[in-house]
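Here is the structure we will look at.
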Amino acid sequence: MKIILETKRLYLREFMLNDGFYFYHLNKDPEVLKYTGDIPFNSVEEATLFIKNYSDYKINGFGRWAVCLKNSNDFIGWCGLKKDLKTNEVDLGFRIFKNQWQNGYATEAALACVNYGFSELNLTKIIGRAYVVNKASINVLAKCNFNFKKNIIYHQQPAVLYIIENDTNKKNIS
Ligand SMILES: CC(C)(COP(=O)(O)OP(=O)(O)OC[C@H]1O[C@@H](n2cnc3c(N)ncnc32)[C@H](O)[C@@H]1OP(=O)(O)O)[C@@H](O)C(=O)NCCC(=O)NCCS
């Protein structure tokens, strides 16, 4: 098990093949997928294959990570950074099982990912995108100090683009 980050209540670790079971069930919930553009997996095996083929850690040195509760080791979702190899942009994403919503877990995990992105990965900027109607997601971005940049269309839906810049890096450069 490769733990990347720890917060007060959570640890974030690299995905493991056994997570296929959780991925399958996470994506089976229409409420979780509602504002994401993601589709369900057909089976645990298909979700496991997705993890097996997940290459971001190897290619970029970072990626999305499993979010687990420290006190029980329960997998409650995922959060992390994804690099678009065409644009070089890095975005922050998150999914949490519905029975764990509104506990502040997404914000706690997301804040840790942003700090890691700036302090360990030396990123200069991280973006976040959310459908306009996805208030929970926009709240998480705002609570992590992302700023509204512009309205966009994302997966054919009205959406917002939020950005956070690494001020420390900017100061170092100037
Ligand atoms: C978005 C998501 C990850 C938020 O997870 P969470 O752990 O419930 O988020 P938090 O508890 O950290 O809440 C963050 C803020 O949003 C608010 N919030 C949470 N759910 C909300 C909702 N449905 N409507 C409005 N506000 C909401 C919280 O109250 C909190 O603000 P507050 O501290 O001022 O009260 C979760 O709802 C989810 O997995 N949704 C489905 C997947 C998804 O849409 N991902 C994002 C795609 S862009």
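No experiment lies behind these values; they were computed from the predicted model shown. When a ligand or atom number is given, it counts from 1 through the structure's own listing order.
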Exactly one candidate in Tyr116, Phe75, Trp78, Tyr11 meets ring pair (Phe, Tyr, Trp, His ring centres under 6.0 Å) with Trp65; the answer is Tyr116
Here the pair of heavy atoms bringing Trp101 nearest to Glu31 is CH2-O, 3.8 Å
So for atom OH, which belongs to Tyr22, do other residues, nucleotides or ligands contribute more than 12 heavy atoms lying within a distance under 6.0 Å?
no
Sorted by chain and residue number, the residues with a non-hydrogen atom under 4.0 Å of ligand 1 are Val32, Thr36, Phe94, Arg95, Ile96, Trp101, Gln102, Asn103, Gly104, Tyr105, Ala106, Thr107, Arg129, Asn134, Lys135, Ala136, Ser137, Asn139, Val140, Lys143
Those residues at least two apart in sequence (or on a different chain) that pass side chain to side chain donor-acceptor pair (under 3.5 Å) with Asn103 are Gln100
Sorted by chain and number, sequence neighbours left out, salt bridge (charged side-chain N to carboxylate O under 4.0 Å, His left out) with Asp19 holds for Arg13
Here the salt bridge (charged side-chain N to carboxylate O under 4.0 Å, His left out) pairs for residues 49-73, sequence neighbours left out, are Glu6-Lys70, Arg64-Asp91
